[in-house]
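One structure below.
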Amino acid sequence: MDISAGSAHRRPALMSTPVRVRFAPAPTGYLHVGSARSALFNWLYARHHGGTLVLRIEDTNAALATPEFYEAITKPLDWLGIDWDEGPIYQSERTDLYLAAVTSLLDSGHAYYCGCKQDEIDARNKATGFKGGYDGHCRDLNLADGPGVSVRFRTPDEGSIEISDLVRGNVVFNAVELEDFVIRRGNGSPVFLVANAVDDADLGITHVVRGEDLLNTTPKVALLWDALGYGPLPIYAHLPLLVGEDRKKLSKRKASVALADFEADGFLPEAMANYLALLGWGPKDDVEVRPMEEIIALFDLADVNKAPAFFDMKKLEHINGEYIRALSVNELIERLQPWLGENAPWPAERFDPETFAAVVPHVQERLRRLPDIWSQVDWLFTDDPPVETVEKEIKQISKAMDREEVPAVLDAVIDAFTSCDWTADALNDAVREVGDRLEAKSQVPVRIAVTGRRVGPPLFEPMALLPRETVLSRLRARRATYPS
RNA sequence: GCCCCGUUCGUCCAGCGGCCUAGGACGCCUGCCUUUCACGCAGGUAACACGGGUUCAAAUCCCGUACGGGGUACCA
C-alpha cells in the first residue's frame, strides 16, 4: 500500500472509510411518511455502499422515551422493509455523555452560564431593536451554575461555516447570523444540538442524510463539533421536503401522513417503498417500477433533487395497482386476509374461502388498494350488498339501454335461468341469447340485480358459484321494482 | 423582517454545454379490445419562471428579478 502522503495519485474516494449513516427520528407517536422517506434514503445509501445504518432515537425529551413510542417507529420501518445494523440507541440513556460535552465546552470557554429568562431577552431586544435572537447579555458575566441557569454556546463574531452537502453543494453560513444558542436547558437537560454532535462523532457517522428542515441547524452542530475537537465534519445530504397539495410540508391535518395509515389503507409495503424512492430521486433509465435491489444498485445521493416533491396519491395508487397485479393469486389472497375478517362488509359466517379463491383471479386487475376487494366480491357473501341508488341505476341503464326494456330482459333471463345448466358458460349463453333476441345489452340489468352494482368483475364465473335460487330471487326482487 | 434552500409538462422524474423539433411515468382526453368496469394496446394533451450575461453553441454555467419553500425556541 502506497502511503506517501504527498502522492498526486491518492484515491480518497476508493480508499475512504466505509459509509456509516443514521436514521434519527424523534419519537412522536407515529412515523411520518417524510421521516420514512429519510429512513429509506439512508438505507438505500448504506445498502448501495455496503455500509452501516444506525437507528438512533432522539428522545432527549424524557417523556417520549417509552416502548410505545419506540414501536411506533420500528413497526412501520419493519413493514417498509427497512432494517438497521446498529441500535436502537436512545439518547435519553446517554445524557451523561452530552453533559460531559457541555462541561468541556464550559471549561474551554466555548460556552457560558446564562440566567436570562425569555421575557427578559424579549424586553431588551424590543428596547434596543436587536433582531438577532439572544443578545449575549450573560456572555462575560461569569455567572455560576444554579437552578434555572442554562448554558449557551459562544458563537464566533465573525467568519463563516461551510457545510458540504451532497444534494445542495456547499452551503455557507455567516457566523454573525448565529445567536449564542442554548446547549443545556435551565432544567439541566442537554438540547438535541449537543446530542447530535456528540452522537454523530461517537458513532463515527460519515454521512448525515435528513430533511431540509434541518439544514439551518447544521452550522450550530458544526460549531459544537469543532469546539469539541471532533475533526472533519460528516458529509451532509439534506433531502427536499415532501409537500402536500398546498405545497407546504405534508401536514397531519390535511392527509394521512403516518406510514401506518398507508398499511391500513391497503398499500403494499413494496409499492410504498418504491414510490417513496421516486420522490426526490429517479433512475436515469426512466424505469420507475422495479425491484428494490435494482433501486439500491442505482441509487446515489448526488442524484437527489433539490426542490420539494408533491406527494401524489394518484401515482401511489397506480404503482400499488401494478404491484398487486404482479402478485400470484395465492400471494394476493394472503395479503388480502386482513380485510376478510371482522371488518369485512359481510357476515363472517357467510364468507367462503373457496368461492373467494375462485373469484380473486377475476378481480385482481381491478384493485388499486387491497380493501377495493370489498366492492368486488361482497355480493357473493351477503344478500344485501350496498345497492347503489335507483337513481343511479336509471341513469346507467338509460345509457346502456332504455329503461323500458329492462322488465322484458329480466323476465326472459329469469325464464332462461330457471332451467339452464348452472355453469358460467350456460349462464353467459342464456343472457347473450336474450340480448340478441331483444336487441338489448342484457348483461347490465342482470349485473345490477345480482351484484347490486353497475360495475364489477366478469359476471358469469362468479355468479355460477352462487346457488340458482339465490340468483333467481335477486332477479325477481329487482323485476318487482318495475311495473308489470 | 433576517438567514438558508429552491424553480423542466397539472404532478413526479430524465436531462449535468452541442445527440432537445426536451424524454419517461401518473393524471386527463381519443380510439381499439370488452354485452359492465378494469387490465392491455395505439394515439393525443402539456413544461425549460422572467431578464441579462458567458460561449461558435445554454434547459444545462454566472448575475439579477419574480415566485415558492424551510428556518428563525431552554421542539427535534
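Note that this is a predicted model, so its numbers are computed, not measured. Order of the sequence lines fixes the chain letters, A, B, ..., with proteins taken first and strands second; residue numbering starts at 1 for each chain. As a basis for the values below, the full set of heavy atoms in this structure was taken, side chains included, without hydrogen atoms, waters or symmetry mates.
- Remark: C2(B) base-pairs with G71(B). Criterion, Watson-Crick or G-U wobble with two distances under 3.5 Å.
- To the nearest 0.5 Å, the span separating CD1 on I373(A) from CD on Q364(A) amounts to 9.5 Å.
- Within 4.0 Å of R210(A), counting heavy atoms only, lies no atom of the nucleic acid at all.
- Near-neighbour residues of RNA chain B inside residues 150-167 of chain A, defined by a heavy atom below 4.0 Å, number-ordered: S150(A), R152(A).
- Within the structure, every side-chain polar atom (N or O) of R447(A) is placed at least 4.0 Å from both OP1 and OP2 of U36(B).
- Atom pair N125(A):CG and G1(B):C1' shows a separation of 14 Å (rounding to whole Å applied).
- Distance SG/C420(A) to CG/D429(A): 9.0 Å, rounded to 0.5 Å.
- Note: OH (Y98(A)) to P (C74(B)) measures 20 Å, nearest angstrom.
- For F262(A), the ring pair (Phe, Tyr, Trp, His ring centres under 6.0 Å) partners are F267(A), F311(A), not counting sequence neighbours.
- Looking only at atom types and distance, the side chain of R366(A) has no donor-acceptor partner in the side chain of S375(A) under 3.5 Å away.
- Ring-plane geometry between H238(A) and Y236(A) is classed as parallel, the angle between the planes falling under 30 degrees on a 0 to 90 degree scale with a further cut at 60.
- Side chain D213(A) to base G71(B): no donor-acceptor pair is found below 3.5 Å.
- The nearest whole Å value for the distance from the CD atom in E245(A) to the C1' atom in U11(B) is 10 Å.
- The separation of G64(B) from U54(B), taken at their C1' atoms, amounts to 15 Å, rounded to a whole angstrom.
- The nearest whole Å value for the distance from the OH atom in Y275(A) to the C1' atom in A25(B) is 11 Å.
- Rounded to a whole Å, the CD1 atom of I373(A) is 19 Å from the P atom of C37(B).
- In this structure, Q118(A) does not reach the A73(B) phosphate: none of its side-chain N or O atoms is under 4.0 Å from OP1 or OP2.
- Across all strands shown, nothing is found opposite C19(B) as a Watson-Crick or G-U wobble partner with both distances under 3.5 Å.
- In this structure, the ring pair (Phe, Tyr, Trp, His ring centres under 6.0 Å) partners of F153(A), at least two apart in sequence or on a different chain, are F181(A).
- Taking a pair to require two hydrogen-bonding distances under 3.5 Å in either a Watson-Crick or a G-U wobble arrangement, C37(B) remains unpaired.
- A heavy atom lying under 4.0 Å from RNA chain B marks the following residues of residues 308-317 of chain A, by number: P308(A), A309(A), F310(A), D312(A), K314(A), K315(A).
- Remark: the S328(A) side chain and the N330(A) side chain contain no N/O donor-acceptor pair separated by less than 3.5 Å.
- Between K131(A) atom NZ and G1(B) atom P the separation is 11 Å, expressed in whole Å.
- With both ends at atom P, the span from C12(B) to G31(B) equals 30 Å, rounded to whole Å.
- Atom-to-atom, CD of E288(A) to P of A14(B) comes out at 10 Å; the value is rounded to the nearest Å.
- Across the C1' atoms, C41(B) and U60(B) are found 36 Å apart, a figure rounded to whole Å.
- If you take atom C1' in C61(B) and the same atom in U55(B), they sit 10 Å apart, rounded to whole Å.
- Distance alone, capped at 3.5 Å, places no donor-acceptor pair between the R369(A) side chain and the G266(A) backbone.
- Pairing for A42(B) goes to U30(B), judged as Watson-Crick or G-U wobble with the two contacts each under 3.5 Å.
- Between atom CG of residue L316(A) and atom NE2 of residue H318(A) there is a gap of 11.5 Å, rounded to the nearest 0.5 Å.
- Listed by residue number, D303(A), N305(A), K306(A), A307(A) are the residues of residues 299-307 of chain A with a heavy-atom contact under 4.0 Å to RNA chain B.
- Going from the P atom of G23(B) to that of C9(B) covers 14 Å, rounded to whole Å.
- The side chain of K249(A) places an N or O atom within less than 4.0 Å of a non-bridging phosphate oxygen (OP1 or OP2) of G71(B).
- For the residue pair D312(A)/Y275(A), the side-chain donor-acceptor check at 3.5 Å is not satisfied.
- Nucleotides C3(B) and A22(B) have their C1' atoms positioned 36 Å apart, rounded to a whole Å.
- Nucleotides G10(B) and U45(B) place their C1' atoms 11 Å apart, quoted to the nearest Å.
- Phosphate proximity of A76(B) to T60(A): present, with a side-chain N or O under 4.0 Å from OP1 or OP2.
- The phosphate of C67(B) has neither OP1 nor OP2 within less than 4.0 Å of any side-chain N or O from R247(A).
- For R366(A) against C37(B), a side-chain N or O and a base N or O form a donor-acceptor pair under 3.5 Å.
- Defined by atom type and a distance below 3.5 Å, a donor-acceptor pair is present between the side-chain atoms of Q118(A) and D122(A).
- The residue among Q91(A) and P458(A) whose nearest nucleotide of RNA chain B lies closer to the 5′ end is P458(A).
- Between L279(A) and R37(A) the shortest heavy-atom distance is O-NH1, 2.5 Å.
- Distance L239(A) CG to G70(B) P: 16 Å, rounded to the nearest Å.
- Pairing each heavy atom of R168(A) with each of V171(A), the nearest pair is CB-CG2, 4.2 Å.
- Applying the ring pair (Phe, Tyr, Trp, His ring centres under 6.0 Å) criterion to F173(A), with sequence neighbours excluded, gives no partner residue.
- Checking G24(B), C12(B), C3(B) against every side-chain atom of N216(A), the shortest atom distance belongs to C3(B).
- Where T217(A) and E179(A) meet RNA chain B, the nucleotide closest to each residue was compared, and E179(A) sits on the side nearer the 5' end.
- Across all strands shown, U7(B) is found opposite A66(B) as a Watson-Crick or G-U wobble partner, with both distances under 3.5 Å.
- Counting any heavy atom pair closer than 4.0 Å across all strands shown, G280(A) reaches sugar-phosphate atoms only and no base atom.
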